[in-house]
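Report on one structure; see the data block that follows.
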Number of protein chains: 2
Amino acid sequence: MARKPADQSVNRETILHAAADVLRRNGYEATTMKDIASEVNLTAASLYHHFRNKDALLLAVLEGGLDHAISQIEPVVQSNKTPTEKLHEMARLHVLTLTSNTAVGAAMIFEIRPLMNLKADGRNGAHSYSDDFITKRDAFFQRREYFELLFRQVVKDGMTTGEFREVDIPIYTKSIIGANNWVAVWYKEGGRLSGQEIAELIADGAIRAVKSD
Amino acid sequence: MARKPADQSVNRETILHAAADVLRRNGYEATTMKDIASEVNLTAASLYHHFRNKDALLLAVLEGGLDHAISQIEPVVQSNKTPTEKLHEMARLHVLTLTSNTAVGAAMIFEIRPLMNLKADGRNGAHSYSDDFITKRDAFFQRREYFELLFRQVVKDGMTTGEFREVDIPIYTKSIIGANNWVAVWYKEGGRLSGQEIAELIADGAIRAVKSD
DNA sequence: AAAATAATCGAATATAGATTTAATTATATC
DNA sequence: GATATAATTAAATCTATATTCGATTATTTT
């Protein structure tokens, strides 16, 4: 057996989905190429036809997740709603994103640290990361800051219009995002509340925390 | 060289502190015994004199962190303050715990998943976890639930007294804890605000989210 | 229907990293 | 001071991966 017939063949997207799933279960470091490969009925070796290496594969998963989240939030910021409405909708969509794709959601949280603090190898014989990987990693973090910036902007606008009280913008933005992100940690499908309901409740709380008296 | 003179000798506590630090930087999976050993000028082999294995060592760090957090929160719950005061103080102390010990704080977040989803080895030749480890792991999670329960109880009390609006207790508790926990992700010493200030601000937000109108 | 390209695999390579073992030296106890 | 125990190490072991390589078969292009 070598190349599989067309209908059993696997494409990049399929691999990314599977990888996200494995990542959610095991985390960055504990995820093996074999784990991912098995998920799509390939061997580890075959993955290297689709991705340069493990780093590249896993980073691609995170990029996809972040892009999706941003694509949800961005239009809301640009709409002509009030800051209150915007913030509510943004928080709601953020949580919804996390509940509907827990794989990516959890990755967005748990893989940050391994990515931030790349093992300072290089001296010892360990694999040092490719330039390409570092570049993409940095771009990922910039985009992640942009995501947060979108929230900050709306909080700021709300303070300007007087809808929001005078809060410390970075702190409150991070609090809101933190509360949202935490959902990815505990949410399990089939629980008492739907993703929709949870998103709504959490968004309500976010607004309450910043609303003027 | 074999046994070092008394003043260069290392004890269990010292190792745990160092381990917490390495853990914060690298995370559970990426932390090697050598990493920890170097931090206290030992060899990896020496660690096995103090701890049965890597699992036991790392779990000990988490246990210590959680115990400390609980020891901070528990007295507040048992005090005769109002629920509003209690919740504020609990959130404040929780955040303060995280900023003053970021190592443990981050561990409490990032090591949950690797611990929850232990690689389902056993079939293949991989090391399966010792019974002792599993037992301690489970105890850790139970204690972690207890920590959350303390918050839930106060939220519930606040609803009873009417100080808090009718919120969904689990969701709001998790939101508050999530916002708090997130601090461990972004907090860096020497930033614009002190841990004290940050803790205060976040606690304010937590109260606002649940306060009655 | 050749020729080129894509997708896959088994097997080989290389290595890091947990754990074990046996030896060595420092403290403690008697 | 002799004996036991504690702390440490270097070296060996063993295994799980990541990654590479060459061969093989399926599509696609010409």
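Basis for what follows: all heavy atoms, side chains included, without hydrogens, waters or symmetry-related copies. Here is the naming used below: chain letters follow the sequence lines, and residue numbers restart at 1 for every chain. Small disclaimer: the values here were computed from a predicted structure and weren't measured.
Put simply, His50(B) has no side-chain N or O that comes within less than 4.0 Å of OP1 or OP2 on dA6(D). Side-chain N/O atoms of His49(A) include none lying less than 4.0 angstrom from OP1 or OP2 on dC9(C).
Rounded to whole Å, atom P of dT20(D) lies 16 Å from atom CZ of Phe51(A). Look at CZ on Arg12(A): it is 12 Å from P on dA7(C), rounded to the nearest Å. Summarising the geometry, the separation between CG on Leu47(A) and P on dA18(D) is reported as 10 Å, rounded to the nearest angstrom. If you take CD1 of Ile36(B) and C1' of dG17(C), they are 12 Å apart, rounded to a whole angstrom. Atom NZ of Lys34(B) is separated from atom P of dT20(C) by 19 Å (rounded to the nearest Å).
Listed nucleotides dT20(C), dT8(C), dT19(D) differ in distance to Tyr48(A); the shortest reach to its side chain belongs to dT19(D). Looking at the side chain of Ala45(B), the nearest of the listed nucleotides dA10(D), dT19(C), dG17(C) is dA10(D). The listed nucleotides are dA18(C), dA18(D), dC9(C); the one nearest the side chain of Ser46(A) is dC9(C). With distances taken from any side-chain atom of Val10(A) to the nucleotides dT8(C), dT20(C), dT20(D), the minimum falls on dT8(C). Listed nucleotides: dA18(D), dT20(C), dT8(C). Nearest to the side chain of Lys54(A): dA18(D). Relative to the side chain of Met33(B), the nucleotides dA18(C), dA10(D), dT19(D) differ in distance, and dA18(C) lies closest. Among the nucleotides dT20(C), dT8(C), dA18(C), the one closest to the side chain of Leu42(A) is dT8(C).
For Glu89(A) and Arg92(A), the salt-bridge test passes: some basic side-chain N is under 4.0 Å from an acidic carboxylate O. For Glu148(A) and Lys174(A), the salt-bridge test passes: some basic side-chain N is under 4.0 Å from an acidic carboxylate O.
Side-chain polar atoms of Asn11(B) and Thr14(B) form a donor-acceptor pair below 3.5 angstrom.
At the heavy-atom level, Asn11(A) lies nowhere under 4.0 Å from the strands shown.
Every residue two or more places apart in sequence or in another chain was checked for a salt bridge (Lys or Arg N to Asp or Glu O under 4.0 Å) with Arg12(A), and none qualifies.
In terms of modelled atom types and a separation under 3.5 Å, the side chain of Lys54(A) and the main chain of Thr31(A) share a donor-acceptor contact.
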